[in-house]
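First the proteins, then the strands, lettered A, B, ... as listed; each starts at 1.
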Amino acid sequence: MSFFRDTFIIFRRATLLSLQNPAWVIIGLMQPILYLVLFGPLLLRMTSVPGFPPGNAWQVFVPGLLVQLGIFGGSFVGFAIINEWRSGVIDRMMVTPAHRVSLIAGRVLRDVMVLMIQAIVLVLAAMLFGLRVPFGALLLALALVAMLGASFSSLSYAAGLSMKSEDAFAPLINTFALPVLLLSGILLPMSMAPAWLRYVSDVNPFKHMVEALRAVFRGEIFTFIVPFGFGLSLALVLISLWTGARVFRNQTR
Amino acid sequence: MLEAAKEQAIVARGLKRSYKTRTETVDAVQGIDLTVGRGEIVGFLGPNGAGKTTTLKMLCTLLEPTDGEAIVAGCDLRRDARGVKRRIGYVAQGGTTMREAKVSLEIVSQAQLYGLSRQEGERRGKALLRALDLDGIWDRPCGSLSGGQRRRLDIVMGLIHEPELVFLDEPSTGLDPQARANLWSHIRSLRDQFGTTVFLTTHYMDEADALSDRLLIIDHGRIVGEGASAELKERLSGDAITLTLRTAEDAAKSQETAGALENAANVVCEGNVVHFRVPNGASVLPGLLRKLTDLDVEPIGVEIARPTLDDVFLNLTGRSLRD
Ligand SMILES: Nc1ncnc2c1ncn2[C@@H]1O[C@H](COP(=O)(O)OP(=O)(O)O)[C@@H](O)[C@H]1O
Ligand SMILES: [Mg+2]
């Protein structure tokens, strides 16, 4: 079907473009490793603090890093679409008979692929540090990262292409990033938080995703939080893909 | 619309577009009718902000018209946008390629989006690069090309699927004179070699003169004039003649004499200078000078100027294109 062919053409172009600029791919790979090396040892000291969740410190820490990777790995691609739009590439592609939705789908697919590679490197490195998890748990973790990555890269493309200005897009990212990071228990588990902060964080869907992945890493796949967290991320990915497709379709309005 | 419209490259009726911004509604294009025949090179001339790009984007399916309809390359713009897309090429005003991307990557992926295979894209891309004097840039990043090379690459991108109709938005803006002349000869050869219909916008008179078989003049979102460049100029009341005299008195006498000439128009006297228009000025001038000599009036300067497109525009809108 031409939708899949068009999507693959865009995916291939985006991937080759990333490879022509490998610095970014390498910086992207370095980031999770730096977290492991520079932040992990700090966290190991915290395991005895009251409220620290059960399980090995790495089983608590690595799910947080993976969710963070999924959220932030995709969030900045909006800058790239503004650059492409300004170069005339988006208009040029929209005049071709290619499916409009392919133009975003191919790019999202590239972003998800890059994230998968980064996530695998992160998990392998964490294993060297002492992470032990069942293989099935890793597959679920990758699925969650892929869903988050697809969501945020779609939303970021949608926002970038709607605003068409770095000066408008950058504050949006900043406004969104800090509360999400602080309220999701990505770095320190929210179980350590005082009651009021915990209630506030309950509203943040990403907290539940992190908790779900932690449960999976502990091997507690059949607890309520797991389907709840994964269900939330599935809902998020559907809403985000729809939003992204809509923005690209409506470019000619 | 009429079946006969399908024989033409473009037929548009009542095309309108307004933009809504937070504070106001801009009526960028206010009802345009136009016809472009197959194989024509038509120039769309008008000052910045006249609505050229907006019109072009509508005809290329990039922007939904607020009102009106069009048949482009034989397909209905509203009902068969994909049909239009397959048959046209579009070269945007601001460029079409990423600085960071290799020329080969942009060309081949563009060809693939038109349904061609990678091999076919490569073959056609290389042939087009050769045709536009761009050999040897295949593996270079687009950002490393000169302005003229990059603009010709844009044209290669727009032609990769061999469209029957190509839209060029301000093709030579920002190029040096040599690169412009070179680009123009390539655009002309497009039509001469492949019979491609070319619809181009420009706010440069020399570009409109050099390239177009026919001009559409647009101002404030409306077409205000139409015709071949020479024809439009002829329709004006002839050549502009300027006489400079020794005294205001001599000038007054000259004004009277010039005013008595057959078909002289717009005769004005400013101090010791007289301006007027007359068809076929070169053959009228010797007789006029003889009459002035008989009156003992001897001009110290005589200037004759063929009408330019700027005069045409001035005549149509009351403003200069240069403003
Ligand atoms: N996206 C837009 N939003 C609001 N106004 C616009 C937009 N694009 C163009 N305009 C306005 O529409 C008018 C016509 O613009 P344009 O078609 O680009 O003119 P041209 O190509 O002849 O220079 C101008 O007044 C311009 O400011
Ligand atoms: Mg323009």
Side-chain angles (χ1 to χ4, degrees), chain A residues 1-25 77 79-107 109-110 160-165 168 248-253, chain B residues 17 19-20 53 56-66 75 77 80-102 104-118 121 139 141-143 150 154 157-158 160-161 163 166-167 169:
Chain A
M1 227 178 83
S2 85
F3 172 77
F4 293 108
R5 181 177 184 273
D6 294 341
T7 302
F8 180 74
I9 295 165
I10 299 296
F11 166 76
R12 180 174 177 274
R13 174 181 175 278
T15 305
L16 290 174
L17 206 51
S18 296
L19 291 177
Q20 282 178 13
N21 239 319
W24 286 111
V25 179
V77 297
F79 285 108
I81 207 80
I82 296 175
N83 185 20
E84 286 205 87
W85 173 77
R86 195 162 291 134
S87 310
V89 171
I90 303 298
D91 275 0
R92 189 241 298 163
M93 290 179 167
M94 292 221 173
V95 177
T96 70
H99 211 291
R100 290 254 159 95
V101 177
S102 297
L103 302 186
I104 180 170
R107 288 176 169 85
L109 215 55
R110 183 266 321 261
L161 198 57
S162 304
M163 298 180 161
K164 299 192 169 75
S165 144
F248 270 67
R249 268 180 199 283
N250 289 352
Q251 265 302 294
T252 52
R253 288 282 161 83
Chain B
R17 171 75 200 198
Y19 294 104
K20 287 197 176 54
T53 297
L56 215 66
K57 281 187 171 176
M58 285 193 281
L59 293 173
C60 290
T61 74
L62 260 184
L63 205 55
E64 285 172 19
T66 314
C75 301
L77 189 60
D80 187 14
R82 269 173 83 87
V84 173
K85 286 157 180 272
R86 276 201 206 94
R87 291 170 177 80
I88 63 163
Y90 167 67
V91 178
Q93 183 167 0
T96 63
T97 54
M98 285 279 278
R99 296 174 53 79
E100 300 85 353
K102 276 189 184 172
S104 52
L105 180 61
E106 293 294 47
I107 290 182
V108 171
S109 59
Q110 173 82 347
Q112 288 184 290
L113 290 178
Y114 280 101
L116 301 171
S117 70
R118 216 177 291 168
D139 286 316
C142 299
R150 189 117 181 242
D154 289 336
M157 301 289 288
I160 196 76
H161 55 299
V166 60
F167 292 89
D169 199 355

In terms of heavy-atom pairs under 4.5 Å, which option from B:Gly83, B:Gly115, B:Ala92 contacts chain A the most?
-> B:Gly115
Which portion of B:Met157 sits near chain A, non-hydrogen atoms under 4.5 angstrom | side chain
Apply the test side-chain contact (heavy atoms from CB on, under 4.5 Å) to residues B:Leu105 and A:Leu17: give CA-CA distance (whole Å), side-chain angles for both, the deciding distance (0.1 Å), then the verdict.
-> CA-CA 8 Å; B:Leu105 180 61; A:Leu17 206 51; 4.1 Å; yes
Interchain contact, A:Glu84 with chain B, by part (heavy-atom threshold 4.5 Å) | both
Most contacts with chain B, counted as non-hydrogen pairs under 4.5 angstrom, among A:Pro97, A:Gly88, A:Ser102 = A:Pro97
Between chain A and each of B:His161, B:Arg118, B:Arg99, B:Glu100, count heavy-atom pairs under 4.5 Å; write down the option with the most.
-> B:Arg118
Pick one of side chain, backbone, both or neither for B:Lys102, based on which atoms fall under 4.5 Å of a heavy atom in chain A.
-> both
What distance separates B:Asp169 CG from A:Asp91 CG, expressed to the nearest 0.5 Å?
-> 10.5 Å
Interface moiety of A:Ile10 toward chain B, non-hydrogen atoms closer than 4.5 Å = side chain
Which of the residues A:Arg253, A:Arg86, A:Gln251, A:Met93 is involved in the greatest number of heavy-atom pairs with chain B at under 4.5 angstrom?
-> A:Arg253
If you tally heavy-atom pairs under 4.5 Å between each of B:Met98, B:Gln93, B:Arg82, B:Lys57 and chain A, the highest tally belongs to B:Met98
Tell me, for B:Ala101 versus chain A, whether the close heavy atoms (under 4.5 Å) come from the side chain, the backbone, both or neither.
-> both
Qualifying residues under salt bridge (charged side-chain N to carboxylate O under 4.0 Å, His left out), relative to A:Arg92, sequence neighbours excluded = B:Glu106
Would you indicate whether the side-chain heavy atoms of A:Thr252 and B:Leu63 approach each other to under 4.5 Å?
-> no
Which residue, B:Thr96, B:Ile88, B:Leu113, forms the side-chain contact (heavy atoms from CB on, under 4.5 Å) with A:Val95?
-> B:Ile88
Tell me, please, which residues at least two apart from B:Lys85 pass salt bridge (charged side-chain N to carboxylate O under 4.0 Å, His left out).
-> none
Enter the distance from B:Ser109:OG to A:Asp6:CG here, rounded to the nearest 0.5 Å.
-> 11.5 Å
Does the A:Arg13 side chain pair with the main chain of B:Val108, one donor and one acceptor, at a distance under 3.5 Å?
-> no
What option among A:Thr96, A:Val89, A:Ile90, A:Asn83 has the most heavy-atom pairs under 4.5 Å with chain B?
-> A:Thr96
